[in-house]
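Chain A is the first sequence line, chain B the second, and so forth, proteins listed ahead of strands; every chain is numbered from 1.
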Number of protein chains: 2
Amino acid sequence: MSGKAKRSGGDDIKMSDIARHAGVSPMTVSRALREPSTVSEKMRRKVDAAVREFGYLPNRIAGSLSSKRSNVVGLIVPSIRNSLYANMIQAISDVLRANGFHLMIANSGHRLDDEEALVAALLAQRVCGLVLHNTTHNKRVRDLVAKTGVPVIETGNLPAEPLDMAVSYSNFEAARAMTAHLGRLGYRKIGFVTLPLRDNDRSKERRRGYFAALKELGLPADPSLVLEAPGGFSEGADALVRLMQTHPGLDAGFFAGDVLAVGALFECQRRGWAVPGRVAIASFDDLDLLRHAVPTVTTLRIPRHEIGRRSAELLVNRLLGAPPERLRIDVGFEIVQREST
Amino acid sequence: MSGKAKRSGGDDIKMSDIARHAGVSPMTVSRALREPSTVSEKMRRKVDAAVREFGYLPNRIAGSLSSKRSNVVGLIVPSIRNSLYANMIQAISDVLRANGFHLMIANSGHRLDDEEALVAALLAQRVCGLVLHNTTHNKRVRDLVAKTGVPVIETGNLPAEPLDMAVSYSNFEAARAMTAHLGRLGYRKIGFVTLPLRDNDRSKERRRGYFAALKELGLPADPSLVLEAPGGFSEGADALVRLMQTHPGLDAGFFAGDVLAVGALFECQRRGWAVPGRVAIASFDDLDLLRHAVPTVTTLRIPRHEIGRRSAELLVNRLLGAPPERLRIDVGFEIVQREST
DNA sequence: CATTCTCTTGGTATCGCTACCATCCTATAG
DNA sequence: CTATAGGATGGTAGCGATACCAAGAGAATG
């Protein structure tokens with residue numbers, strides 16, 4: 001836990017100073033700043049003048065303590081680095097800001113224990129709402145959320161029983177749909193490359209979707225067609241090469257995550273394997289990159305931005321007074337058929 | 001500004017409750033939690049037991065108000081979406097967290113007025129430190145920073161006169177070095193594609209560096225070789241095509257930002273232009289993508305992660321008591337020569 | 001013209017914690 | 001055995017705002 005530090009140089013001006021200089025009571029200053037309409041124009045002008053003269057910045061810490069309200073929302077993502085989250089974060093940040101809220105952000109590094117520690121820390125900071133990308137949580141997280149009653153949004157998957165509200169798509173359905181799509185296109189030996197499965201409900205659901213589709217297609221469920229790889233270009237390339245070696249007849253690869261598919265595509269370019277002639281490639285998540293690569297890559301469009309926007313909107317509504325309501329919003333997904341399949 | 005909202009369901013347990021149940025004074029609880037070593041083991045155990053029993057979460061808002069210290073650092077970036085920033089943010093976040101600090105994040109959308117509003121808002125939240133990517137600021141920002149005395153780090157460029165501390169590389173030198181590098185490789189007609197210049201000191205410095213290098217190379221400074229484009233694949237592709245049309249003899253393109261270079265590279269693949277045979281391509285910032293594309297792309301490695309890490313470390317040191325000191329740390333850059341030039 | 005009502009303004013008591021100082025206890029020295 | 005230092009505890013007074021209620025000033029009503 002450790003150190004915090006003394007705020008230095010502040011010749012801290014406070015509300016009572018402004019009040020004195022404006023010749024009004026502190027309460028009037030407080031009101032003039034927060035609910036200008038409840039104060040006469042004369043007062044408001046006096047207050048505004050004093051505020052400007054001294055460059056006064058209200059102390060929101062004091063305000064929050066006093067009012068028992070906070071205007072900070074906490075967000076925990078597995079990794080900040082990932083551009084998928086970045087889209088969502090941007091959307092959340094924009095909606096929050098438009099409504100006068102701020103965003104405190106932390107990354108759990110895909111570790112449930114870290115998520116737990118961060119949830120506790122954010123709640124200690126008395127955030128007024130929480131957005132969690134993860135949908136499986138330690139018991140203490142569930143307890144804390146229940147006990148404090150903070151509104152929570154889960155965004156990474158559609159859990160059967162959300163903690164509170166969930167805004168997401170079904171990883172299972174998405175992976176199933178893409179696999180089925182490949183089947184419809186005539187591919188028969190479809191490899192599946194997944195992100196690490198440990199502590200990751202999204203990955204597990206995607207794999208489940210893949211197998212479900214195979215079954216529906218009447219194709220054999222061959223575990224050796226499934227490879228687990230951390231995200232990244234090289235990892236995608238490696239995975240494809242390994243699959244091609246162990247399964248010479250492989251006709252398609254479905255890369256369920258990150259930039260794996262692009263890595264595989266580049267590998268094909270290097271080796272002169274025609275895509276989709278020699279092997280078809282499908283991806284997950286509509287990175288800009290996939291639309292511009294040569295050939296363009298078939299993928300699943302997940303509305304990350306919309307997930308962020310709607311999450312923040314729901315949170316803001318609740319914070320502004322909407323009654324608590326267990327919600328489970330499916331934003332859906334879309335198969336984007338391109339040249340690579 | 002608008003609404004905040006009432007924290008609902010909290011059956012808020014406070015320190016005095018814990019104290020009562022542990023049979024000690026509130027002060028002892030406070031100490032047991034913050035400086036366990038100053039409290040006898042017996043007391044500590046009693047306190048810990050009560051804390052666990054009730055799932056007590058100290059209220060940091062109250063703590064901050066009382067101690068006049070905060071453990072939240074504010075960060076303002078032009079855009080959260082951009083993966084370059086994402087690397088830096090991740091590093092900042094990790095270092096802060098390891099030292100018990102939290103990160104409040106906001107994006108200015110490249111607008112100085114928004115930056116100003118956000119700085120004010122973050123200071124009102126009484127952040128204990130600030131990281132700004134921008135290095136040109138409105139007057140009010142400079143005033144606020146001076147008046148409040150919060151430690152500030154600027155990271156986007158090396159300003160001649162930092163507000164406080166700066167951790168960055170020189171955009172001017174980097175662009176100059178790459179342009180000179182292209183010159184050394186024998187390219188004589190080098191196009192330059194820049195991100196928007198408005199309110200953006202980084203872009204302007206890069207363009208200055210480009211022209212400086214041309215001069216040193218004894219090449220003519222032809223303004224029509226410079227194109228301004230928002231970041232993006234298509235924009236990079238368009239820019240290259242336009243340059244090739246207006247300057248048939250163009251032998252190299254230096255794309256100073258974002259994914260412009262990759263967009264251009266893809267365009268070359270589509271048109272069958274050999275890279276670097278027909279035209280060479282150089283980029284700015286070492287995105288993973290550039291190392292894996294076919295051909296691999298020559299670029300400038302900017303240590304974004306290191307910038308974030310060192311920024312956070314400097315901030316933490318200062319917050320932990322290091323004396324204020326105007327610093328200007330140049331983390332440098334590196335030219336990465338690859339196949340595309 | 002008295003009375004009631006509404007709209008503004010101000011006073012006071014917290015909000016939950018920490019700083020600071022006083023007190024107490026135990027250990028060591030004289 | 002008394003004196004004294006030093007560590008461990010507790011009491012009290014804020015931190016800087018807001019909630020809540022009381023009071024005053026006009027406006028509207030009978």
(request) Would you kindly give the NZ-to-C1' distance between B:Lys68 and D:dA17, to the nearest whole Å? (result) 13 Å
(request) Could you verify whether a donor N or O on one side chain and an acceptor N or O on the other, from A:Asn157 and A:Ser168, lie under 3.5 Å apart? (result) no
(request) Scan B:Asp164, B:Ile153, B:Leu327 and name whichever one has a side chain to side chain contact (heavy atoms under 4.5 Å, CB included) with B:Arg318. (result) B:Asp164
Got a list of protein N/O to nucleotides 6-9 of chain D N/O distances below 3.5 Å?
residue: D:dT9; atom: OP1; partner: B:Ser40; partner atom: OG; Å: 2.8
residue: D:dT9; atom: OP2; partner: B:Ser40; partner atom: N; Å: 3.0

(request) Give a yes/no on whether any side-chain N or O of A:Tyr56 is located under 4.0 angstrom from OP1 or OP2 of D:dA17. (result) yes
(message) Can you tell me if B:Arg69 touches the phosphate of C:dA19, counting only side-chain N or O atoms and a distance under 4.0 Å to OP1 or OP2?
(response) yes
(message) Side chains of B:His133 and B:Glu154 only: does a donor on one sit below 3.5 Å from an acceptor on the other?
(response) no
(request) Return the value, rounded to whole Å, for the distance between atom CG of A:Asp12 and atom C1' of D:dG16. (result) 9 Å
(message) Measuring from the side chain of B:Lys14 (C-beta onward, heavy atoms only), which nucleotide among C:dA19, D:dG16, C:dC17 has the closest atom?
(response) C:dC17
(message) Between B:Lys139 and B:Asp143 (salt bridge meaning N to carboxylate O under 4.0 Å), is one present in this structure?
(response) yes
(message) Nearest whole Å is fine: how far is D:dC15 C1' from A:Asp17 CG?
(response) 13 Å
(request) Grab the CD1-P distance between A:Ile61 and C:dT18 for me, whole Å please. (result) 13 Å
(request) Indicate whether the side chain of A:Gln125 and that of B:Asn71 have a donor and an acceptor atom separated by less than 3.5 Å. (result) yes
(message) Rounded to whole Å, how long is the line connecting atom CD1 of B:Ile13 with atom C1' of C:dC15?
(response) 16 Å
(message) I want to verify a distance call: between C:dG16, D:dA19, D:dG11, whose nearest atom is closest to the B:Met27 side chain?
(response) D:dG11
(message) Can you measure B:Met15 atom CE to D:dT12 atom C1' for me and round it to whole angstrom units?
(response) 16 Å
(message) Within the supplied structure, the quantity of interest is the number of heavy atoms (other residues, nucleotides, ligands) at a distance under 6.0 Å from A:Arg198 CZ; does it exceed 12?
(response) no
Collect all protein-nucleotide pairs involving nucleotides 24-27 of chain D in which both atoms are nitrogen or oxygen and the distance is under 3.5 Å.
none

(request) Select from B:Leu65 and B:Glu35 the residue whose nearest nucleotide in DNA chain C is closer to the 5' end of that strand. (result) B:Leu65
(request) In plain terms, say whether A:Glu115 and A:Arg111 are close enough for a salt bridge, that is, a side-chain N and a carboxylate O under 4.0 Å apart. (result) no
(request) Output yes when A:Asp17 and A:Arg20 qualify as a salt bridge under the 4.0 Å nitrogen-oxygen rule, no when they do not. (result) yes
(message) What's the closest nucleotide to the side chain of B:Asn59 if the choices are C:dG16, D:dA17, D:dT18?
(response) C:dG16
(request) Identify which nucleotide among D:dG10, D:dG16, D:dA19 has an atom closest to any side-chain atom of A:Ser67, counting heavy atoms from C-beta outward. (result) D:dA19
(request) Please check if any side-chain donor atom of A:Ser93 sits under 3.5 Å from a side-chain acceptor atom of B:Asn107, or the reverse. (result) yes
(request) Could you state the atom-to-atom distance from CD of A:Glu41 to P of C:dT9 in whole Å? (result) 11 Å
(request) Report the residue (B:Pro26 or B:Ser66) whose heavy-atom-nearest nucleotide on DNA chain D is the more 5′ of the two. (result) B:Pro26
(message) Less than 4.0 angstrom from a charged side-chain N to a carboxylate O is my criterion; do B:Asp114 and A:Arg97 meet it?
(response) yes
(request) Tell me which nucleotide among C:dA19, D:dA17, D:dA19 gets nearest to the side chain of A:Arg34. (result) D:dA19
